[in-house]
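The sequence lines fix the lettering, A, B, ..., with proteins before strands; numbering per chain opens at 1.
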Amino acid sequence: MWWSFSVSLAPILAEAGKTKLTSMYKEYKNLNLPEIEEEVLRFWEAHRVFEQSVEQRSESDRFVFYEGPPSANGKPGIHHVMARTIKDLVCRFQTMKGKRVARKGGWDTHGLPVELSVEKELGITKEDIGKKISVAEYNQRCRETVMRYKAEWDELTRRMGYWVDLEHPYITYENDYIESVWWLLRQIYDKGLMYKGYTIQPYSPAAGTGLSSHELNMPGCYREVKDTTVVAMFKVRRDERSDWLFDDDSEDVRILAWTTTPWTLPSNTALTVGPDIQYVKVKTTNPYTGEPVSVILAQDLVDRWFGQKHSPEILSMSAPFPGSALEGIRYEQLLDFGNPIEPLDGATDAFRVITGDFVTTEDGTGIVHTAPSFGADDRKAAKQHGIGTLTLVDAQGKFKDTVGEFSGRYVKNYTDDPNYQDVDVDIAVRLKKEGKAFNVAKYVHNYPHCWRTDKPVLYYPLDSWFIKTSAVRDRMVELNKTIKWKPASTGEGRFGKWLENIQDWNLSRSRYWGIPLPIWRTEDGTEEKCIGSVAELREEIEKANAALGLDQQVPDDLHRPWIDEVVLVSSDGKPMRRETDLIDVWFDSGSMPAAQWHYPFENQEKFRQNFPADFIAEGVDQTRGWFYTLHAIATMVFDSVAYKSVVSNGLVLDKEGRKMSKRLGNAVDPFDTIARFGADATRWYMISASQPWDNLKFDLEALEENSRRFFGRLFNTYSFFALYANIDGFKYEQDEVPLERRTEIDRWIISLLNTLVQQVDADMADYEMTAATRRIQTFVDEHLSNWYVRLSRRRFWRGEMTEDKLAAYQTLYTCLVTVSKLMAPVAPFFADWLYRNLNGVTGREPHASVHLADFPAVDEAAIDRALEQRMDYAQRISSLVLSLRKRQKIRVRQPLQKVLLPVLDDSFRAQVEGVKDLILAEVNVKEIEYVTDTSGVIKKKAKPNFKTLGRRLGKHMKQAAQIIGNLSQEEINRIEREGRFELKIDDQTWELTLDDLDIVTEDIPGWLVATDGLITVALDVTITDELRAEGYARDLVNRIQNLRKSRDYNVTDRIAIRLERHPEVEKAVQQFGDYIRTETLADRLELVDHLPEGETIELADGISVRIEVERVAEKV
RNA sequence: AGUCCCGUAGCUCAGCUGGUUAGAGCGCUACACUGAUAAUGUAGAGGUCGGCGGUUCAAGUCCGCCCGGGACUACCA
């Protein structure tokens, strides 16, 4: 390209802490973000920019951030780029605002996914652990596996520009970490918030293990199944309590209860009714035996079971009565196999109607068959009412051998027996035969399955340790209200409402690779110890060694199996063994505020400085995961929030809006994306495309487009600056041109820039990063590139270094440097590249990197709203004029005489006057003529101001709008003169002022006009001979410049021009010869009659002429 | 089943505490500019603001119900 200098690219000279200047702004042919980023990365690493950015800030002014630990057991995906971009940009922003933001990394190392991948690799199941492979070996494999993809994670971290300290991360499997977790558990234990309970939990008989809610919620676990359902009839015993139900001695009264799990019917011990639900007794006949029978069910559900095609008929129906009336009524056991009632909290009563709030009339009969061993609600209700239980199914999922003909039969086909007979069906058949079935049907519903065995889960009573989170519910709710949630709805809704009916936290996991529950018990459970530190464990071990004559030591590794071997001793000398459960891994990560510092055993000061966090961020899926466990533990142990603000980002979906998954093959590879488009473009796209808490439809094409638009334009703007600044040797060495001596457009862009700084600062502080990026983008695209640079181009390449030219350089430089700082949190690479390219030449700031600089401060004095409005007028007026030219097909190079601009008030006129020159230059028109209404050519129209009038007029608004819209010219003129207007509707009168009306010009009769809101523009399209000649002159200049360019002449070369004579061209040369010569740097411009050697050029209106251009002297 | 988010032009998204002509970018079409040119500008077409009902003088915006997409949670007999 002829005007560009070839510049040898100086190597990076900036050193840590100080800047060595380069002499030229670097120029580049094309924007290559990935290349820039690699270079910037090398720079950051070589000069430890991250470390410096943290260390240079005061210890006493911190912004605390917690890193949610990822598991390196799986590969990172594009959604991790999303979450980490948010974390990173907030931390970088706060750093630039002067805060010290330490970012300690962490690794989540325990849990099911790790265990499973090991089992898969070894080809074993959970049952094999301790048999085919020792627990020690198994855990060793887990420990090795857990960091499998650490290299990928580290590379992603590095390459995406996520600044986090990975040299000193916390790792959840380390003894120090475990010890802190134990300490936390001990605090909770000491507050009486831990208990062991025999509760109903999801259980997989096929796998022989309880399942966590996590496991139950793995994709595909809830499946549609078709089950046999039974409405069973429970025969009421007649006694004092139930007597009122019977009409006569022979009446057979039965209570109806529906179940989708008939195999639980032998274990029934109660029936639960809703105390406030209305029930009725219906006389009918048994559909299977034909015997007369009376059945009790909810009134609302009568229609469901009666009156249909094949359903029994209603012979008579009682008046409704509330469920509370049924309470205490006894019934005969449905299927009696002579098993004793097992005590539940000591109670062994059974076969009685009880009440429960959970009963609804949504389905079934409004009466719940209650088997306390197989349902959590059932168990709760039974306990409340002193009912015992029957557990007639064993842990393998088959009936015990005391259940008559059903003994030994699996309740579901857990063994893949090809001849499996559905026991539900057989139970139904027996009930039908015995006249105890009211209805038997197939029913399709969702039921959870064990994701590993594909078999239905069973709810089964299991021993577990719980944290009584329900006891601190109110405090958690209260503290949550002080947390700033982004978006707020997640905090109030998903999280808040969930807290309000929080369940106790089931801590137990019967697993191997995790933090062992530090509780030891005597065999009879009468004494237990919760260990809160290694020192305490050592003491207890020594005590036990002495008392029991053992030779134990604190294990080097606090995991199983070593910790299981430790035996402690009770106060009366009995051995105590550890409860074999591990704790829920979510407790691990929720412990990190303390455990990352090995608090309270070390770093007490550090912990105090870093608790609670100012900010955390993760995906919404962590709402009930990490966000919850942090909150719960902090509430229980420290009576504090764990974080003051939290951003929960949405999912990253594919461009069709589907969830990304390996299975669908629509997962986007983060490494690939970054390598192709750059980390900055990826980050910028993710943040600017949609609010982080909305789901993002990730589309590579959109990313590319966004990158081209924003980074491309910013790059072009920089390139433009660098090109001319190098020619002029501009290094910002001269004094600052005072603002008041700069031109309108300079002061305008600086005003906008300061407004931008103010807004972006506020947005970023409020975690509104999408708004911030969009504002920056608008500034760069629309204002800086498309208006400021475009209109200021001439100032940069024309003439010597005048004050105006200097002001232009300074202004553009300031804009670029400031933008680099504003964008630095989101696009750290390009921002630093831009900053260093600029500051590396001028040395105006002492920082080697933009990330060591301060976030820009607003110069409020530079903000000039009137000027911003003025320029907005200029843009709109220009746009209107251009659209008029367009309509008339008059090229912009053709000058026109004047623009007519109706002005309705003096301030508008004054405003336009201030930007008149810009408008005229932009639209190539000679003058603006202001038309006032005194000239009589303007047609005015009045519109109501709905905002001010609506409130006052209320329902008369419609009529008012019509009256105002129909006001005549004269009336409008009068209103403007008097400043008031009496509006009469019906009998009422309102006194309106000019504020209540918008008066606009819509038309100038006889002229070509265009309107945009309140601005109307008319264009004089008469082309005089002189204007035409000037148009051709401009065409000529343009064609000659093109020739210079295509011939690779230097910008400063002088030329000689010979033109073939042509009547129009001759006029142009005669009148505008000087202009042509000046513009094209021509020493001579001659007209000749024949120019056979010349090139042919096309001017407007189909004129073509021959021309000869040659260089007269070369200048370098 | 509950809770929450989303549903505005072919695509991606704006639209503040309700105010009358619903915006932008891309894409498409046409054109201009040509000393930022693998850049830039202008114009045009394109919308039942998911649907129905309500509140209001006025609803994309507030309320209710429904439909569709998504997430999380769950002890649905």
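Whole-Å rounding puts the D378(A) CG to C76(B) C1' distance at 11 Å. As a whole-Å value, the separation of W626(A) CH2 from C72(B) P is 18 Å. The separation between R1034(A) atom CZ and A32(B) atom C1' is 14 Å, rounded to whole Å. Per the geometry, CZ belonging to F627(A) stands 17 Å off P belonging to A71(B), to the nearest Å. F495(A) places its CZ atom 13 Å from the P atom of U73(B), with the value rounded to the nearest Å. For R876(A) and A24(B), the CZ to C1' distance is 16 Å, given to the nearest whole Å. Atom C1' of nucleotide G25(B) and atom OH of Y685(A) are separated by 13 Å, given to the nearest angstrom. Rounded to a whole Å, the CD atom of E782(A) is 12 Å from the C1' atom of G23(B).
Spacing of C1' atoms, C6(B) relative to A38(B), comes out at 38 Å, to the nearest Å. For G41(B) and C26(B), the P atoms lie 8 Å apart once the distance is rounded to whole Å. When the P atom is compared between C13(B) and U29(B), the two are found 24 Å apart, to the nearest whole Å. Taking the P atoms as reference points, U48(B) lies 12 Å from A22(B), given to the whole Å. To the nearest whole angstrom, the two C1' atoms, one in U61(B) and one in G18(B), are 6 Å apart. Annotation: C62(B) and C5(B) have their P atoms spaced 11 Å apart (nearest Å). Nucleotides G47(B) and G15(B) place their P atoms 23 Å apart, quoted to the nearest Å. For C4(B) and C52(B), the P atoms lie 25 Å apart once the distance is rounded to whole Å.
Looking only at distances, a side-chain donor or acceptor of T629(A) sits under 3.5 Å from a matching main-chain atom of W586(A).
Phosphate contact (OP1/OP2 of C76(B), side-chain N/O of Y459(A), threshold under 4.0 Å): present. Applying the 4.0 Å criterion to OP1 and OP2 of A36(B), one finds that S719(A) has every side-chain N and O outside that range.
In this structure the side chain of R795(A) never reaches within 4.5 angstrom of the side chain of Y809(A), judged on heavy atoms. In this structure, the side chains of D766(A) and K486(A) come closer than 4.5 Å at one or more pairs of heavy atoms.
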Discussion item. Show me the dot-bracket string of RNA chain B, counting Watson-Crick or G-U pairs under 3.5 Å, with | for pairs to another strand and [ ] for crossing ones.
Written reply: (((((((..((((.....[...)))).(((((.......))))).....(((((..]....))))))))))))....

Worksheet item: Does the side-chain contact (heavy atoms from CB on, under 4.5 Å) test come out yes or no for W258(A) and T229(A), once each step is laid out?
Response: CA-CA 7 Å; W258(A) 181 61; T229(A) 66; 3.4 Å; yes

Item to complete: Evaluate side chain to side chain donor-acceptor pair (under 3.5 Å) for H783(A) paired with T778(A), printing each intermediate quantity in order.
Response: CA-CA 7 Å; H783(A) 303 310; T778(A) 302; over 6 Å; no

Sort me out a list of protein N/O and nucleotides 40-47 of chain B N/O pairs below 3.5 Å, or just none if empty.
| unit_1 | atom_1 | unit_2 | atom_2 | d |
| --- | --- | --- | --- | --- |
| U40(B) | OP1 | R713(A) | NE | 2.7 |
| U40(B) | OP1 | R713(A) | NH2 | 3.1 |
| U40(B) | O3' | N786(A) | OD1 | 3.1 |
| G41(B) | OP1 | N786(A) | OD1 | 2.7 |
| G41(B) | OP1 | N786(A) | ND2 | 2.1 |
| A43(B) | OP1 | S879(A) | OG | 3.1 |

What are the atom names and distances for every N/O pair under 3.5 Å that joins the protein to nucleotides 14-19 of chain B?
| unit_1 | atom_1 | unit_2 | atom_2 | d |
| --- | --- | --- | --- | --- |
| A14(B) | O5' | R774(A) | NH1 | 3.2 |

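Between the CE atom of M769(A) and the CG atom of D763(A) there is a distance of 10.5 Å, given to the nearest 0.5 Å. The CD1 atom of I255(A) sits 9.5 Å away from the OH atom of Y279(A) when rounded to the nearest 0.5 Å.
At a cut-off of 3.5 Å, with distance as the only test, a side-chain donor of S373(A) or T389(A) sits close to an acceptor on the other residue. Using modelled atom types and a 3.5 Å distance limit, the side chains of W305(A) and N439(A) yield no donor-acceptor pair.
The aromatic rings of W485(A) and F627(A) lie perpendicular to each other, with more than 60° between the two planes, well past the 30° mark.
Both H369(A) and N1038(A) lie near RNA chain B, and the one whose nearest nucleotide falls closer to the 5' end is N1038(A).
The one candidate from R775(A), R709(A), R790(A), R774(A) that meets the salt bridge (Lys or Arg N to Asp or Glu O under 4.0 Å) condition with D781(A) is R709(A).
In terms of heavy-atom proximity, A382(A) sits nearest to P372(A) at CB-CG, 3.5 Å. Looking at every heavy atom in both residues, T259(A) comes nearest to T261(A) through OG1-N, 2.9 Å.
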